Amino acid sequence: MRIAMIGTGYVGLVSGACLSEFGHEVICVDKDSAKIAALNKGQIPIFEPGLEDVVATNVKAKRLAFSQDLESAVPKADAIFIAVGTPSRRGDGHADLSYVFAAAEEIARGLDGYTVVVTKSTVPVGTSRKVEEILRQARPDAEFDVASNPEFLREGSAIEDFRRPDRVVVGTESDRAKAVMKEVYRPLYLNETPILFTSRETSELIKYAANAFLATKITFINEIADICEKVNADVQDVARAIGLDGRIGGKFLHAGPGFGGSCFPKDTLALLKTSQQVGAPARIVDAVVAVNDARKARMAEKIAAALGEVQGKCIAVLGLTFKPNTDDMRDAPSLTILPALQAKGAQIRAYDPEGMDEARKHLDITFCKDAYQAVSGADAIVILTEWNEFRALDLNRIKALMKAPVMIDLRNIYRPAQMADAGFTYVSVGRRSVSPKH
Ligand code: UGA
């Protein structure tokens, strides 16, 4: 099966590479000439564990190629995936569909023989139908169907998520398109991965409902964490206990500084816009957005409170990206928290294993080469992202390097008793704060 993937962002690149691994012949197309040139040299523009290997193996096997030339990729393809960006439109929170529609116009020009055009980008309900209209208008003669196939992969574990998804959702009512999509996902079909065929509108909404639900789960446990702090309860025990109830489930119940990233903030806003447009209020999602925004700002206050006086203090920050195993800084809590601390007069020294190049574009702080350099002379450490390498720091060494042994752990990667024993003042999320034992 021959596949064209339009867009080489996270979703396009990972999906294209993984579909070539399934045995399909995939061409990934992007307008960005520098990106295509780099990909052709084997350079991967994003940090995603395992991606470089999958790309290299499949390029070598001649199943995967990169090109700028959309028009020549289209006629040969059995399925064309649109995986371009759909950022929040500035000012109003609507998903910006201009890249999707531009891709549709270009695809229309090249259609040759029956083709399934698939929207893989996260797009508001009704978009696949609009793509169909664009194609139909430009090419009344062409034979095609437009299907929706949302992606559920997570940054940092995207390859694994693609290879072993919980489910695949395909929105189409055409039997011909269904047959093509079954062929695309045949290896997963053989693995008995549930493949759900729905209408296109349903498929588009499933993506937003899934992300909004997960964002709600996180926001719920974050508010429970706040209550825990007031009543001397432990949010991790609460999360574990409620998560063992199969109806609730244990995943996405880690309290923290608020969710960030390229998806939850954008998709919750876009869902709200849809709900307003159609006159079906989504008050829970509305509250989730407001609570999460306020939370990030409040985390700066929490850090300030742990320090007492912030003016003139030096804060070591470990982790800048919105989650570990990515270099993505989009809507990362650090982007709200650190400027707020600087405004209070703090000096910030930070280290992130993969995110510093990206962070330099957004933050005016001191970047350090590792965690130990960052904590040297600091009045407090703040853990903002739970990278594995921060989980087993040499606490004695750190204490000796710091001006004062204070840690604010916004990801709960250490235990209060352990930190008290190690001689730290330790503040975390939804758990008791402790003072040094000696
Ligand atoms: C999310 C979804 O998990 C994917 O299923 C979806 O495909 C993707 O969005 C998308 O729409 O493309 P992602 O944004 O990569 O994936 O990352 P998550 O692992 O979901 O984390 C999002 C944010 O929630 C991070 O800031 C993370 O720190 C936070 N989080 C997550 C918590 O604070 N607590 C948790 O228990 C889980």
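Being a predicted model, the structure only gives us computed values, none of them experimental. Whatever order the structure lists them in is the order used to number ligands and atoms, beginning at 1. If you read the sequence from its start, that first residue is 1, and numbering goes on from there.
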**Message:** Taking the basic N atoms (NZ, or NE/NH1/NH2) and the acidic carboxylate oxygens, is any pair closer than 4.0 Å for Asp226 and Arg295?
**Reply:** yes

**Message:** Does either side chain, that of Ser199 or that of Thr202, offer a donor lying less than 3.5 Å from an acceptor on the other one?
**Reply:** yes

**Request:** Look up atom CG in Asp352 and atom CG in Leu320, then write down how far apart they are to the nearest 0.5 Å.
**Result:** 5.0 Å

**Message:** Looking at Glu204 and Arg129, is there a salt bridge between them, counting it only when a charged N and a carboxylate O are closer than 4.0 Å?
**Reply:** no

**Message:** Given Glu155, Glu151, Arg154, identify the one with the heavy atom nearest to atom 3 (O) of ligand 1.
**Reply:** Arg154

**Item:** Contact with ligand 1 for Gly261, non-hydrogen, under 4.0 angstrom
**Value:** no

**Request:** State the atoms of ligand 1, each with its element, that fall below the 4.0 Å cut-off from a heavy-atom position in Asp267.
**Result:** 11 (O)

**Fill in**
atom 14 (O) of ligand 1: closest protein heavy atom, distance to 0.1 Å, is Phe322 CE1, 3.7 Å

**Prompt:** Hey, is Glu48 close enough to Arg154 for a salt bridge, meaning N to O under 4.0 Å?
**Reply:** no

**Request:** Pull out every atom of ligand 1 sitting under 4.0 Å from any heavy atom of His254, numbered as shown with elements.
**Result:** 32 (C), 33 (O), 34 (N), 35 (C), 36 (O)

**Request:** Would you mind listing which atoms of ligand 1 come within a distance below 4.0 Å of any non-hydrogen atom of Phe152?
**Result:** 4 (C), 5 (O), 6 (C), 7 (O)

**Request:** From the options Gly260, Pro324, Pro265, select the one whose nearest heavy atom is closest to atom 23 (C) of ligand 1.
**Result:** Gly260

**Message:** Closer than 4.0 Å to some heavy atom of Leu253 - which atoms of ligand 1 meet that?
**Reply:** 36 (O)

**Item:** Ionic contact status for Asp293 with Lys296, cut-off 4.0 Å
**Value:** no

**Asked** Should the proximity of Arg411 to ligand 1, defined as any heavy atom under 4.0 Å, be assigned to the side chain, the backbone, both, or neither?
**Response** side chain

**Request:** Just need the protein heavy atom nearest to atom 9 (O) of ligand 1, so name the residue and atom and give the distance.
**Result:** Cys263 CB, 3.2 Å

**Prompt:** Side chain or backbone of Phe264 under 4.0 Å from ligand 1, or both, or neither, by non-hydrogen atoms?
**Reply:** side chain

**Fill in**
Counting heavy atoms under 4.0 Å, the part of Asn211 that contacts ligand 1 is side chain

**Item:** Lys178/Glu183 ion pair, N-O < 4.0 Å
**Value:** no

**Prompt:** Do the charged groups of Glu160 and Arg163 touch, with an N to O distance under 4.0 Å?
**Reply:** yes

**Item:** Ion pair check, Glu132 and Arg200, cut-off under 4.0 Å
**Value:** yes

**Asked** Is the shortest N/O to N/O distance between Gly258 and ligand 1 below 3.5 Å?
**Response** no

**Message:** At less than 4.0 angstrom from any non-hydrogen atom of Lys207, what atoms of ligand 1 do you find?
**Reply:** 6 (C), 7 (O), 10 (C), 11 (O), 12 (O)

**Asked** Do Thr122 and ligand 1 have an N or O pair less than 3.5 Å apart?
**Response** no

**Asked** Of all the non-hydrogen atoms in the protein, which one sits nearest to atom 37 (C) of ligand 1, and at what distance?
**Response** Phe252 CD2, 3.4 Å

**Request:** From the options Thr385, Ile218, Asp161, select the one whose nearest heavy atom is closest to atom 24 (O) of ligand 1.
**Result:** Ile218

**Item:** Where ligand 1 meets Leu153 - atom numbers and elements under 4.0 angstrom, heavy-atom basis
**Value:** 4 (C), 6 (C), 7 (O), 8 (C), 12 (O)

**Prompt:** Can the positive tip of Arg360 be found less than 6.0 Å from the middle of the six-membered ring of Phe367, inside 45° of the ring normal?
**Reply:** yes

**Separation of Met299 CE from Leu410 CG (nearest 0.5 Å)** = 6.0 Å

**Prompt:** Under a 4.0 Å N-O cut-off, is there an ion pair linking Lys207 with Glu151?
**Reply:** no

**Asked** Which residue owns the protein heavy atom closest to atom 17 (O) of ligand 1, what's the atom, and how far is it?
**Response** Lys323 NZ, 3.1 Å

